[in-house]
Trainee: 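Following this message is one structure expressed as structure tokens.
So you know, we letter chains A, B, ... as the sequences are listed, proteins then strands, and number each from 1.
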Amino acid sequence: MTKNNNVRVRFAPSPTGYIHIGSLRTALFNFLYARNTGGKNILRIEDTDQSRKVDGAVDNLIKSLGLLGIDFDEGPAQGGDKGPYYQSERLAIYRKYCDDLLEKKAAYYAFETPEVLDEMRKLQQLEGRQTMYDGRARDLSEEEVKENLNKGIPYVIRLKVPKDEEVKFEDLIKGVIKIETNIIDDQILLKSDGFPTYHLANVIDDHLMEITHIIRGEEWITSVPKHILIYKALGWDVPAMAHVPLILNPDKTKLSKRQGDVAVEDYLNKGYLKEALINFIAMLGWNPGEGEENEFFSMEELSEKFLLEKVQSSGAVFNVDKLNWMNNSYIKNYDPDKLLELSLPYFKGTDVDVTDNDHTKKILLAIRVYLNKLDEIPEHTKIFTQDKVVIEDVNLLEIIKADTSVTVFKELISQLESVETLTAEIYKDKISEVQKVTGVKGKLLFKPVRLALTGSENGPDLPSIVEILGKEKVIKFLKEYI
RNA sequence: GGUCCCAUCGACUAGGGGUUAGGUCGUCACUCUUUCACAGUGAAAACACGGGUUCGAAUCCCGUUGGGACCGCCA
């Protein structure tokens, strides 16, 4: 494989307070591509919308991403020589290039208020026309502009999109894309508050930060021509672009809050393991191809295998069932001690004595096979912590009160009373002893014991339940029914 | 509505001129385990449609249809 050490990619989120699943995948693909090529992964904070500022969002973002194993070579946390990495700290830079654009007549001042523009759009809609800026300030004379400026009228700076041209570019995932300039809006580049819009800022930053590959969501694809026009006007090279398809709701619309959780933090809190989440997200829209049938990959393996060319060109539905399956699989195969550590918080609120690690671990290992995610732990611990077994179902009561059941309980109690510490192995011996002595076997033997001990017809392996309950409790519960 | 993107089982996908169109999740059945689950085996389940190109198209081209994204002084 040819390593291109010059690759520089960036993840450029706006700090909204949480990480969207789609953003996570974009961040992941950037990270994997950087690692695969030996390039640099850069974090840049797109905080040019002052109205959407959220305190602590950046810290949370870096922390969450770091937790998942996605880290950066340059960014707010580690710095770098292409900073600052907050766009809000780069205002002077944007202004400078904006003036440059103005001078080259590639941009112009416009003085309409948001209200006026609103009116314009409404009218256009009414007439069934395309809503876009009608260019009314395009041909303002220098005198008019100067006069307005002197009067202190608020202004924005707009991109002067040339007429009757075609902008063409090649996307690494989608292929060649062409768009007529006539349908491209004279995009605002600099807002009246002096902040740049995304379109201006991302072009300038990507160039200045020497980004070689832009990997981002497909929703950006229609604004690429605007960006290309800016690159061209400034005399800059356009980076390679890869627009990754969207992650979808079950109804195939863009993944949204309304139809389930979209925040990475939500999934982490529910007890999806980070390895599973990463693995699953990576496989949404990407796969190693070449007939590879394994679906389980560590971050290292993903880094080795990740190729942009193997990214799917169509959107992918976020399938929680499959995520659950994958997470369960990770849970079942996880190192017991590490799993215990991760699980401890989820035992809070249960009656399990978490100060006894050994005991908690036994319970965890007994129930892990049932867990799609760690927050399901509490619903499975009850049988280990209850002081009294309550059976309400009349059919079950009938089973447990049967003569054979009582016989079994009595014999089992006397067998167990001689035992010092009750283990799963000892229980197995004793129950077969009970079978020999009483002659009761099969369902008649096992079912009543399970019922008496847990109150339920099914659950984890009985011997391990017995070991976890301990001698005292087992005997106590059995005595209830004799 | 305009522009752009997309199209293999219900979902994620492999395959990219000649395949019985493969795998995974989910569903169903059976086996195993004297429970449920796990595991194992098996089944149902797809190339959107129509034209080309070709000896031959799921695969290449065009069109249709369908779906999606975008059309903000948000990113």
Trainee: Look at the side chain of A:Ser314 and the base of B:C6, then say whether one donor and one acceptor between them are separated by less than 3.5 Å.
Mentor: no
Trainee: Closest approach to the side chain of A:Thr131, judged atom by atom: which nucleotide of B:A37, B:C25, B:G72 is it?
Mentor: B:G72
Trainee: Distance check, C1' atoms only: B:A43 and B:U20, in whole angstrom units.
Mentor: 16 Å
Trainee: Can you measure A:Gln187 atom CD to B:C73 atom C1' for me and round it to whole angstrom units?
Mentor: 9 Å
Trainee: When we call it a touch if two heavy atoms are under 4.0 Å apart, what does A:Lys332 touch: a base, just sugar-phosphate, or nothing?
Mentor: sugar-phosphate
Trainee: Counting any heavy atom closer than 4.0 Å, what does A:Gly285 reach on the DNA or RNA strands: base, sugar-phosphate only, or nothing?
Mentor: sugar-phosphate
Trainee: Do A:Lys322 and B:U24 have a side chain to base donor-acceptor pair shorter than 3.5 Å?
Mentor: yes
Trainee: How many Å lie between CG on A:Asn294 and P on B:G23, as a whole number?
Mentor: 15 Å
Trainee: A:Asn287 side chain: which of B:U13, B:A75, B:G26 is closest?
Mentor: B:U13
Trainee: Below 6.0 angstrom between ring centroids: does that apply to A:Phe280 and A:Phe318?
Mentor: yes
Trainee: Write down the distance between CD1 (A:Ile179) and P (B:U3), rounded to a whole number of angstrom.
Mentor: 11 Å
Trainee: Below 4.0 angstrom from OP1 or OP2 of B:G15, is there any side-chain N or O of A:Lys310?
Mentor: yes
Trainee: Take atom CZ of A:Arg158 and atom C1' of B:C73, then tell me their distance rounded to the nearest Å.
Mentor: 8 Å
Trainee: Would you say A:Arg121 reaches B:G72's phosphate, i.e. side-chain N/O to OP1/OP2 under 4.0 Å?
Mentor: yes
Trainee: Among B:C73, B:A14, B:C12, which is the nearest nucleotide to the side chain of A:Pro114?
Mentor: B:C73
Trainee: When only distance counts, do a donor and an acceptor, one from the side chain of A:Glu218 and one from the base of B:G68, lie under 3.5 Å apart?
Mentor: no
Trainee: Students often mix this up, so state it plainly: with edges at 30° and 60°, are the rings of A:Tyr109 and A:Phe111 parallel, tilted or perpendicular?
Mentor: parallel
Trainee: Kindly indicate, with the supporting measurements, whether the criterion side-chain contact (heavy atoms from CB on, under 4.5 Å) is fulfilled by A:Thr454 and A:Leu469.
Mentor: CA-CA 10 Å; A:Thr454 69; A:Leu469 289 177; 5.6 Å; no
Trainee: Looking at A:Arg25, does any N or O in its side chain come under 4.0 Å of the phosphate oxygens OP1/OP2 on B:C12?
Mentor: no
Trainee: Less than 4.0 angstrom between a side-chain N/O of A:Asn319 and OP1 or OP2 of B:C25, yes or no?
Mentor: no
Trainee: If you only use heavy atoms from C-beta on, which nucleotide in B:U3, B:G23, B:A75 is closest to the side chain of A:Glu295?
Mentor: B:G23
Trainee: When you check the phosphate oxygens OP1 and OP2 of B:A7, does a side-chain N or O of A:Lys174 lie under 4.0 Å from one of them?
Mentor: no
Trainee: Whole angstroms only, please: what is the CG-C1' distance between A:Leu126 and B:G2?
Mentor: 17 Å
Trainee: If we take the C1' atom in both B:A58 and B:A14, what is their distance in whole Å?
Mentor: 13 Å
Trainee: I'd like the C1' distance from B:C6 over to B:G23, given in whole Å.
Mentor: 23 Å
Trainee: Just call it for A:Asp461: base, sugar-phosphate, or nothing, with non-hydrogen atoms closer than 4.0 Å on any strand.
Mentor: base
Trainee: Of all the nucleotides listed (B:G68, B:C4, B:U13), which has the minimum atom distance to the side chain of A:Thr222?
Mentor: B:C4
Trainee: In whole Å, measure the gap between the P atoms of B:G10 and B:U19 for me.
Mentor: 23 Å
Trainee: Using the C1' atom as the point on both nucleotides, what is the distance between B:U54 and B:G18, in whole Å?
Mentor: 12 Å
Trainee: Of A:Glu292 and A:Asp321, whose nearest nucleotide on RNA chain B comes first from the 5' end?
Mentor: A:Glu292
Trainee: Could you tell me the separation between the CG atom of A:Leu248 and the P atom of B:C5, rounded to a whole number of Å?
Mentor: 18 Å
Trainee: Would you mind reading off the distance between A:Arg450 atom CZ and B:U33 atom P, rounded to a whole angstrom?
Mentor: 16 Å
Trainee: Given B:A75, B:C73, B:U34, which nucleotide is nearest the side-chain atoms of A:Lys441?
Mentor: B:U34
Trainee: Does OP1 or OP2 of B:A7 have a side-chain N or O of A:Ser313 closer than 4.0 Å?
Mentor: yes
Trainee: For A:Leu462 and for A:Glu293, locate the closest nucleotide of RNA chain B by heavy-atom distance; then report the residue assigned to the nucleotide nearer the 5' terminus.
Mentor: A:Glu293
Trainee: Would you mind classifying the nucleic acid contact of A:Ser192 as base, sugar-phosphate or nothing, using non-hydrogen atoms under 4.0 angstrom?
Mentor: base
Trainee: Indicate the atoms forming the closest heavy-atom contact of A:Arg216 with A:Thr26, along with that distance.
Mentor: CA-CG2, 3.8 Å
Trainee: Which nucleotide in the set B:C73, B:C71, B:A11 lies at the smallest distance from any side-chain heavy atom of A:Lys252?
Mentor: B:A11
Trainee: Distance check needed: B:A75 C1' versus A:Glu46 CD, whole Å only.
Mentor: 7 Å
Trainee: With a 4.0 Å cutoff (strictly under), does any side-chain N or O of A:Thr16 reach OP1 or OP2 of B:A75?
Mentor: no
Trainee: Tell me if the side-chain of A:Tyr370 makes a donor-acceptor pair with the base of B:C38, cut-off 3.5 Å, by modelled atom types.
Mentor: no
Trainee: When you measure from the centre of the six-membered ring of A:Tyr133, is the NZ or CZ of A:Arg158 closer than 6.0 Å and no more than 45° off the axis?
Mentor: yes
Trainee: Of the nucleotides B:C38, B:U3, B:A69, which one has an atom closest to the side chain of A:Lys254?
Mentor: B:A69
Trainee: Report yes if the distance between the aromatic ring centroids of A:Tyr330 and A:Phe296 is under 6.0 Å, otherwise no.
Mentor: yes
Trainee: Which heavy atom of A:Ile179 sits nearest to which heavy atom of A:Thr222, and what is that distance?
Mentor: CD1-O, 4.4 Å
Trainee: Are A:Tyr272 and A:Asn324 linked by a side-chain donor-acceptor pair shorter than 3.5 Å?
Mentor: yes
